[in-house]
Structures are given as structure tokens and as C-alpha cells.
Amino acid sequence: MATEVKTIEPKEPALTRAWNWLTDTQIWKSIFRHGAPVTDRNRVLVMLSNVFLHLHPIRIRKSGVKLRYTWCMGGLSFFLFLVLTFTGLLLMFYYRPTLEYAYSDIVGLREHVPLGIMREMHRWGAHAMVITVWLHMFRVFMTGSYKPPREFNWNVGVIMLVLTLLLSFTGYLLPWDQLAIWAITVGSNMARATPFLGHEGPGAALLAFGDVKLIHAGDDARFALLGGTFVGEGALLRFYVLHCVGLPLAIAVLMAVHFWRVRKDGGISGPL
Amino acid sequence: MKRTLAWLRDAIVSNRVWRSIVRHGYPDTPLDQSLAVFSNFFLHVHPVKVHRHSLRASYTFGLGLMAFYLFLVLVVTGTLLMFYYVPSVERAYADMKDLEFVVSFGIVLRNLHRWAAHGMVAVVFLHMCRVFYTGSYKPPRDFNWVIGVVLLVLTFLLSFTGYLLPWDQLAFWAITVGTSIAGYTPLMGQRLRSFLLGGNQVGQNALLRFYVLHVMLLPLVMTVLIGVHFWRIRKDGGLSRPEGEEHARAA
Amino acid sequence: MHLLKDLVNFLADPRIYFVLAVGMLGVLVWQRNRLASGRVGYGLMAFLTVFFLFGSFDRNFRLIVTKPDNVPIVGLIFVLLFFTWYAMAEAVKNDQRLEVGKPPIEKEEENRVWVWPDLVYTELIALVLCSVILIVWSIFLKAPLEQPANRAATPNPSKAPWYFLGLQEMLVYFDPWLAGVVLPGLIIVGLMAIPYIDMNPKGNGYYTFKERKAEITIFLFGFAVLWVSLIVLGTFLRGPNWNFFGPFEYWDIHKLLPLTNVNLSEYFWVRMLGRGLPTNWAVREFPGILVMIVYLGVLPAVLARGWFKAYYEKMGAARYHVGVFLFLMMMLLPVKMLTRWLFNLKYIVAIHEYFFNI
């Protein structure tokens with residue numbers, strides 16, 4: 001009601017009048033259901049009516065906004081994930097996961113594509129995310145924030161830590177240079193020694209019918225990981241899909257659960 | 001028997017691990033029924049109670065849910081298909097043939113994806129019709145209708161970009177025709193066309209571009225908008241219904 | 001200068017390096033009240049900066065530190081040390097308050113503030129700063145791209161991505177099935193088990209050391225010493241053939257180290273009893289198997305009556321045994337390291353027939 005009166009005030013500057021007209025249209029009002037968050041009422045409404053902000057509570061503990069307490073590492077990890085999604089998406093437009101093209105596409109990205117800095121941002125962002133996730137875990141431990149009622153959320157966090165490392169690991173192969181294939185070779189050779197499931201693991205020799213081995217180089221855990229007996233075409237495509245879709249999907253769902261639990265467990269931890 | 005089951009249930013439920021994950025009892029009392037919905041992340045898009053009217057099958061025909069479900073099916077089958085497909089001109093078609101003749105159940109996977117995609121287009125369309133016929137686009141749901149229209153367009157685009165990927169005659173010429181239509185856009189037609197194709201004709205660049213749009217960019221935008229769409233349903237008072245306590249938007 | 005470099009090279013030897021890392025943790029825990037002052041924290045940062053600055057005049061040092069993928073680890077050293085010091089300093093502050101009967105600082109900050117603007121703007125500022133840092137970093141440091149992949153040319157050393165180098169370092173002491181599969185699996189399980197094993201209700205939601213001495217010490221030992229310091233070791237100090245090289249040492253591919261490691265079975269049968277190794281693996285490895293049974297099976301029960309009696313009573317049998325098992329599995333690494341360095345012990349149990357070596 002008040003705005004309506006304002007719009008017919010003749011002395012208001014043109015910009016204010018335009019603004020008032022805009023915020024009074026049906027389109028604007030169908031999108032935003034409240035005014036600017038300068039009053040307490042609107043500060044409540046902005047959190048309640050905006051889907052992107054609604055994972056926040058309306059008010060939080062003072063220590064929750066202090067660097068001293070949170071180090072901001074959780075938020076930064078999430079932000080870096082968003083950066084990685086964005087830059088990764090752009091990189092996908094210039095990259096084909098095949099033996100013939102993978103390397104030359106990366107070289108092309110470096111030499112020909114404008115804003116080839118996306119690759120740097122993606123790589124350093126990934127390294128930074130590993131570090132911020134570790135530090136986030138460290139902070140949560142040091143403040144005892146894994147204690148009841150937050151036990152399960154700590155577990156979700158541990159799974160996300162593993163997924164972060166796996167995302168980084170699968171991405172490591174994609175440039176298809178010497179650094180990449182040998183790092184993945186070293187890493188995936190470990191799977192060969194999985195107990196019972198790797199062909200050089202303890203117990204694998206027990207799984208056999210006479211001379212017929214159930215677990216051999218062509219069907220063990222490493223084969224499943226690499227889609228072959230060595231780091232080759234199969235591994236490249238497999239890692240590519242895991243890196244671009246499979247793992248991000250999983251981690252995105254878990255992130256949502258993680259944030260959800262933060263709220264349901266009473267927000268950022270504090271002394272009881 | 002009954003006692004064994006009761007004991008088993010207690011053994012599973014009464015420990016710290018279970019209780020740290022699930023915070024309520026079996027949902028057979030009003031309290032636990034409410035808690036089940038709003039302490040579970042995957043259920044919290046629902047309200048705790050809905051009007052009996054909105055459960056009537058002939059009102060919604062479950063079309064919105066079906067569209068969402070088909071989207072999930074497409075995500076899962078699409079992810080699996082990606083493991084067998086390389087978006088390069090030399091490989092794409094051969095990979096499709098391999099899916100048919102080499103990969104176990106590959107052809108089933110591909111069929112699931114393709115028919116679910118067609119199904120989704122149909123269902124989304126029908127959903128829009130239902131919303132129109134019941135007048136559910138009227139205030140306060142006007143903006144949600146707009147989001148719905150964007151989702152409809154995205155569904156078409158997803159289907160369109162996916163069409164090119166098999167790299168057969170059908171795909172190639174459908175996209176050639178489709179993108180030449182884009183070329184008739186006033187003022188920026190040719191620019192738009194070469195932006196879509198990454199060149200002057202449907203070639204390697206177009207294939208890669210459509211691939212990334214199809215597997216990443218469009219699904220990502222779609223997911224975000226689906227989130228907003230569901231959010232708005234709740235904020236606009238749940239499913240539309242004739243009258244009663246439905247509050248008009250505060251002016 | 002040379003003397004200094006030689007000293008650093010000497011100190012970086014895995015044996016001394018590891019003992020130093022444990023020692024540093026000990027000092028941090030023991031002398032925390034003194035180390036909590038800002039002067040110590042910033043002094044530490046300044047010392048590190050000076051070390052890296054001066055180090056970078058040395059060719060070998062520069063070569064290994066400025067390898068693009070190693071740069072984040074230099075960053076990791078800084079931030080990890082800083083935050084370890086910082087968390088301890090905050091814990092000490094709260095401990096001192098608790099001692100005189102005041103509540104922890106967090107308790108006084110319990111009153112609520114508006115999310116908009118207080119939190120939303122903090123988030124925005126953090127995002128902008130993070131973006132700026134990332135963009136600047138990306139402009140000045142190129143992402144590595146080596147020669148095209150070539151299966152015929154194995155680089156020496158071939159290293160896993162840096163965050164797995166702790167595991168690769170474990171390969172020196174364990175076979176891949178333990179170092180690469182079982183122990184990492186147990187790290188994950190162990191981390192997930194923490195909230196269910198830790199029964200101490202205190203220290204929830206504020207920094208404190210005094211109320212959670214054991215928990216924090218064990219966590220820091222696992223995280224800072226076993227995980228991060230092994231990554232630093234694997235990244236900077238391991239060269240061709242996974243031999244040790246000091247930070248100022250040239251990576252000589254021909255460096256040879258004598259390998260005279262001996263299995264426990266040989267110690268027992270050949271050196272102690274003076275006879276040949278039995279052919280049956282069960283008999284041959286009987287002493288090692290016994291040692292492992294005692295370590296994992298008997299030791300927890302003994303500890304429950306001795307040192308860990310208080311924990312056993314507080315936690316209950318199930319929780320205690322899971323916790324001690326995980327703890328002992330973690331301690332397997334330092335135990336194996338020590339026996340390797342002191343007795344050149346190769347395997348405790350060595351059943352090559354089934355790839356089962358511990």
C-alpha cells in the first residue's frame with residue numbers, strides 16, 4: 001500500500017520512480033515476495049522465500065560468522081567445488097577422451113583457446129579443494145563438532161573427503177601426459193593387491209577351481225577400475241565419465257545431505 | 001517368531017549408530033509421520049500434510065512426478081551410456097554399433113535412454129496441458145509457470161542435442177536442418193548457428209559441443225530449475241485447488 | 001652455508017625426519033601454554049618463509065619445490081602448521097578461561113546475529129577473496145603438461161598424485177595390499193568410527209585441549225604426522241628408485257643404498273636356532289603369526305587391565321575393542337618403521353605363496 005502512495009509523489013527522482021514502477025509490476029511481485037532485506041521482517045522473508053538462500057537459518061550463533069571459529073574452510077570447499085564445476089564444464093567443450101586427441105586437445109587448450117587459464121584454475125582449484133577439505137575436517141575435529149548429535153554428519157563428511165580425493169585422482173589422468181599415466185599406474189597398481197579381489201592380493205589364489213583361477217588379471221579389482229589390464233583407452237574413458245558425471249553427482253547429493261544435517265543438528269556447533 | 005522379529009528390530013534400531021542417522025520412530029503415529037517427512041533430506045520437498053484433493057489421480061495424473069522420474073532414469077542410463085561412448089567423429093558411430101553388438105545389454109540401455117527421452121517430452125507436454133486446464137498458472141503460481149516453460153524448452157533442447165550423438169544419417173541431417181532453422185534468427189542468425197556448431201557445418205566441433213551440452217550443461221541447468229520449480233510449488237501453497245484458505249499473494 | 005645445507009639434508013633423512021615430526025608434536029602438546037603466544041605463531045611462519053626463500057637459491061631445492069604440482073604442498077606446509085598452531089593457541093586460551101571458572105569464548109558468542117547481512121556478506125567476501133587468489137595463482141603458475149603418455153618410458157621415480165604419496169611412502173614398509181588397500185580402508189573406517197568411539201561428552205563446540213587430551217593427541221599424530229608429514233616426505237625427499245634425497249641433494253639416479261632387510265622367520269629359524277627355513281609355510285611363519293596374534297588379539301585384553309583400564313570401563317567392551325583395534329592398526333606403521341630402522345626387519349609374516357606379507 002505504502003509503495004502505491006509513493007509512486008504518485010511527483011518530486012521523486014526518475015530513477016526512484018522507475019524502481020517503484022518495476023517493483024510494483026505483476027512480474028516482479030510474482031518473483032520476489034518481499035522488499036529489500038533492510039528490516040527484520042524482510043531479513044526473515046529473504047531466507048524463507050529464496051531457494052538458494054534457504055539452506056541458511058535466519059539467525060545464527062555469533063561464533064558461526066567468525067573466522068576464528070570456522071576458518072571458513074567448509075564454505076570455501078563448497079565454493080571451490082562450484083568453481084571446479086564451472087571451469088570443468090568449459091574445459092569439456094575442448095576435450096575428447098580418446099588416445100588420439102586427449103593430449104593434443106590439452107595442448108590446444110594451452111596454445112589456441114582464449115582464456116586457456118581455465119585449465120590452471122581447474123587444476124589449482126582442485127589441489128586447493130583437497131587442502132581446504134582436510135583443514136575443514138581438522139577444524140571440525142579440533143572443536144569437537146563431530147560429537148552427538150553430529151556423528152552422522154561427520155560420516156557423510158568422511159565419504160565426501162574420499163570422493164574429493166577420487167575426483168582429483170580421476171582428473172589426474174585426463175591430460176594423458178607422462179605425469180598422468182604414471183601417477184595413475186602407480187595408484188591403480190595398488191588395486192591389484194586387494195585381498196581376494198586383486199590377482200596379486202592375499203587370498204586370491206584360494207578362489208580357484210583346480211587350475212581355473214576365478215581372480216586373474218583380466219577380471220580383478222584393477223581391471224574393473226581401469227577397464228583393461230593397463231592404463232589405456234578404457235581407463236581414459238572410464239576416468240573421464242567418473243570425473244565428469246559419476247563422482248560429481250554423488251558428491252553433490254552428499255553435499256546437500258551434509259548441509260541439511262548441519263541445519264537439522266542445530267546449526268554450527270557451539271558449547272552446550 | 002513375533003518375538004524374534006521384535007528383538008531383531010530392537011537390535012537394529014536401539015543403538016547409537018542407527019539413532020545418529022534416523023531421528024524418529026517408525027512412522028505410524030502423527031508425530032513420527034511428520035518427523036519422517038521433515039527430518040529426511042530426500043523427503044523434505046514434501047509438506048507434512050497434503051489435501052486429499054491433490055492425491056486424486058484424475059486431478060494431476062501424476063504427470064509432474066512422471067516427468068521428474070523419467071529425468072532421473074535418463075540421468076542414470078545416460079551416465080552408463082557415457083562409459084561406452086566417445087564424442088569424436090571417428091568413434092561415435094562405431095561406439096553405437098558396439099553398444100548394439102558387443103556390450104552386454106548395451107542395446108537395452110540405449111533403448112531405455114532413447115524411449116525415456118521421447119516419453120519425457122510427451123509427459124512434460126501433457127503436464128503443461130494439465131496445469132493449463134486446471135488454471136494452475138494463475139497467481140500466485142504465475143512465476144512457477146514461467147519456470148515450467150523454461151523447463152519445457154530445456155527438455156526439447158536436451159532431446160535435440162542428444163539426437164546428434166549417434167552420428168548416423170538420421171542424426172546428422174536432423175541437426176543440419178535444425179541448426180539451419182536457427183540460422184534464420186533475425187540479426188544474429190549465422191552467428192548463432194556457428195556458435196551452436198562451432199563451425200560452418202555439422203562436424204567434429206558440433207558433435208563435441210552438443211555432447212557437452214547434452215551430458216553436462218543442460219542437465220545442470222535443468223536440475224537447478226527443477227529445484228526452484230519444486231520450491232515454488234511449496235511456497236505457492238502446494239498443489240492448486242479451488243478456494244478456501246488459499247492466500248492470495250501479499251500485495 | 002654448505003654446512004647448513006648438509007645439516008638440513010641430514011635432518012631430512014626419513015628416520016630423523018620422522019622422529020623430529022613426532023618430537024615436534026610432543027613439544028606442541030607438552031609446551032602448548034608457551035607456544036600459544038602470537039609471537040611463536042608468526043615466528044614460525046617467518047622462519048618457514050625465510051627457509052624457503054633461502055632454499056630457493058639452491059638449484060636442487062628450487063627444482064623440486066617449484067615443480068608445478070608440488071607448489072600446493074609448499075602451501076600445505078604453511079597452512080597446516082599455521083592452523084595446528086592456531087587451533088592449539090585457541091584451545092589454550094579456552095583452557096585458561098575454564099581453569100578460572102569462566103566459560104569458553106564460544107559460550108559468550110552464543111547470542112544470535114542475522115544471517116542477512118552478517119553471514120551472507122561474510123560468505124560473499126570469502127568467495128571474492130578466494131576467487132582472486134585462485135585467479136592470480138592460475139595466471140602466474142602454469143598447470144603442468146609433460147611429454148605425451150608413453151608406456152615404454154617409465155619415469156623414475158613415478159609418483160602417485162601428491163595426496164596419495166603418504167600411501168606410496170607406506171609401500172616402503174608394507175606390501176601393496178596393506179599400504180594401498182587395507183590401511184587406507186581402515187583410515188576411512190577409523191575416521192567414520194571416531195564419533196561412535198569417542199565417549200567424552202566434553203569439548204563439543206569449542207576449542208579445548210585439556211578436556212580432550214587423548215583424542216586430540218591421537219588425531220594430530222594420525223593426521224599431521226602419519227598423513228601430512230609422510231606426504232611431504234614422499235613429495236620432496238623421494239627421488240629415483242624411491243631413494244631418499246635431502247632437499248639440497250642432487251637426484252643422482254645411480255645412488256645405491258644397501259638393502260639387507262631380513263624377515264622375522266629368518267631371524268628366528270636361521271639366526272636364533274641356526275637351522276634352515278622349514279618348507280611348510282605355516283611352520284616357517286609360525287613366529288610371525290604368533291607375534292601378530294599377540295599384537296592384535298592379546299594386547300588389547302592386556303591393555304584393558306593395565307594402561308587402558310579407565311577407557312575400558314568408560315567405553316564398554318565392544319567400543320573399546322573396536323577403538324583399540326583401529327588404534328593398533330594405525331600404530332602398525334610406526335612400529336614397522338622402527339623395527340625396519342633398528343633391526344632391518346623386512347616382513348613380520350611373509351607368506352609369499354599367498355601374497356600375504358605383513
Side-chain angles (χ1 to χ4, degrees), chain A residues 37 43 46-47 56-63 65 72 75-76 79 103 106 117 119-121 123-125 127 130-131 135 138 141-147 151 154-155 158 162 165 168-169 172 175-183 186-187 190 193-195 200-202 205 269-272, chain C residues 72 76 79 83 87 103-104 106-107 109-116 118-119 122-123 126-127 130 134-135 137-139 142-150 154-155 158-161 163-164 168 175-177 180-182 188 191-192 194-196 203-207 212 219 223 354-356:
Chain A
R43 282 174 183 159
V46 70
M47 291 302 151
H56 294 108
I58 289 162
R59 305 205 297 166
I60 56 164
R61 271 198 187 87
K62 203 169 175 186
S63 54
V65 297
C72 207
L76 286 183
F79 176 63
Y103 184 77
I106 298 282
I117 190 188
R119 175 165 180 244
E120 273 72 21
M121 286 188 66
R123 192 173 188 107
W124 303 136
H127 286 342
V130 171
I131 294 176
L135 288 174
F138 186 33
F141 185 87
M142 290 306 280
T143 57
S145 307
Y146 60 86
K147 299 191 177 199
E151 311 107 300
W154 166 271
N155 283 357
V158 172
V162 175
L165 295 181
S168 197
F169 182 68
Y172 219 84
W176 204 249
D177 60 345
Q178 281 287 72
L179 196 64
I181 69 157
W182 291 104
V186 170
M190 309 249 187
T194 315
E200 283 179 9
S269 62
L272 301 167
Chain C
L76 177 68
V79 291
F83 278 116
E106 287 84 351
K107 188 84 185 168
E109 288 174 345
E110 226 182 4
N111 48 343
R112 312 249 159 174
V113 294
W114 287 102
V115 165
W116 189 301
D118 297 276
L119 178 61
T122 314
E123 283 174 350
L127 305 192
C130 180
L134 191 58
I135 291 171
W137 183 4
S138 302
I139 289 172
K142 259 195 153 184
L145 188 65
E146 297 190 350
Q147 296 298 305
N150 180 358
T154 314
S158 14
K159 290 187 178 184
Y163 35 83
F164 287 151
Q168 204 176 350
D175 269 13
W177 75 275
V181 185
V182 174
I188 299 165
L191 279 176
M192 287 170 96
I194 286 177
Y196 300 100
N204 186 348
Y206 52 95
Y207 292 101
R212 317 167 50 204
F219 183 84
F223 178 62
Y354 294 103
F355 302 112
F356 187 87

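Each chain gets a letter, A, B and so on, in the order its sequence line appears, and its residues count up from 1.
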Restricting to non-hydrogen atoms, name the atom on C:Pro72 and the atom on A:Ile131 that form the minimum distance, rounded to 0.1 Å.
O-CD1, 3.5 Å

Between C:Ala160, C:Ala143, C:Gly180, the one whose heavy-atom pairs under 4.5 Å with chain A are most numerous:
C:Ala143

Quick one: which of C:Phe219, C:Tyr196, C:Phe223, C:Phe356 has the most heavy-atom pairs under 4.5 Å with chain A, could you say?
C:Phe219

Can you tell which of C:Asn111, C:Ile188, C:Leu127, C:Asp175 has the highest number of heavy-atom pairs within less than 4.5 Å of chain A?
C:Leu127

Side-chain contact, heavy-atom cut-off 4.5 Å: A:Arg61 with C:Arg112?
yes

Tell me every residue that passes side chain to side chain donor-acceptor pair (under 3.5 Å) with A:Ser168, counting only those two or more places apart in sequence or in another chain.
C:Tyr163

Closest approach of C:Pro195 and A:Tyr146, non-hydrogen atoms and distance?
CB-O, 3.4 Å

Among C:Leu119, C:Val115, C:Ile135, C:Asp118, residue most engaged with chain A (heavy-atom pairs, under 4.5 Å):
C:Val115

Among C:Val181, C:Ile139, C:Val79, which residue has the highest count of heavy-atom pairs closer than 4.5 Å to chain A?
C:Val181

Go through the atoms of A:Leu135 and report whether side chain, backbone, both or neither lie under 4.5 Å from a heavy atom of chain C.
side chain

Is it the backbone or the side chain of A:Tyr172 that comes under 4.5 Å from a heavy atom of chain C, or both, or neither?
side chain

Is A:Cys72 close to A:Phe79 at the side-chain level, that is, under 4.5 Å between some pair of heavy atoms?
no

Identify which part of A:Trp154 has an atom lying under 4.5 Å from any heavy atom of chain C, answering side chain, backbone, both or neither.
side chain

Counting heavy-atom pairs under 4.5 angstrom with chain C, the leader among A:Pro271, A:Ala193, A:Ala183 is A:Pro271

Just wondering, do A:Arg123 and C:Pro144 contact through their side chains at under 4.5 Å, heavy atoms?
yes

Comparing A:Gly270, A:Gly125, A:Ser269, A:Ala180 against chain C, the one with the most heavy-atom pairs below 4.5 Å turns out to be A:Gly270

Residue A:Leu76 versus chain C: region with a heavy atom under 4.5 Å
side chain

Region of A:Met142 that comes under 4.5 Å of a non-hydrogen atom in chain C:
both

If we define contacts as heavy-atom pairs under 4.5 Å, which of A:Trp124, A:Tyr103, A:Trp182 has the most with chain C?
A:Trp124

Grab the two heavy atoms, one from A:Asn155 and one from C:Met192, that are nearest each other, plus how far apart they are.
OD1-O, 2.9 Å

Salt bridge (Lys or Arg N to Asp or Glu O under 4.0 Å) against C:Lys142, all qualifying residues, sequence neighbours excluded
none

Just so I know, are the side chains of C:Arg212 and C:Tyr207 near enough to count as touching, which here means a heavy-atom distance under 4.5 Å?
no

Whatever's closer than 4.5 Å to a heavy atom in chain C on A:Ile58 counts as both

Among C:Pro155, C:Ala126, C:Pro176, who wins on heavy-atom pairs under 4.5 Å with chain A?
C:Pro155

Which answer fits A:His127, side chain, backbone, both or neither, if we ask what part of it has an atom under 4.5 Å from a heavy atom of chain C?
both

Determine whether a donor-acceptor pair (N or O, by modelled atom type, separation under 3.5 Å) exists between the side chain of C:Gln168 and the backbone of C:Ser158.
yes

If I measure from the heavy atoms of chain C, does A:Val186 come under 4.5 Å with its side chain, its backbone, both, or neither?
side chain

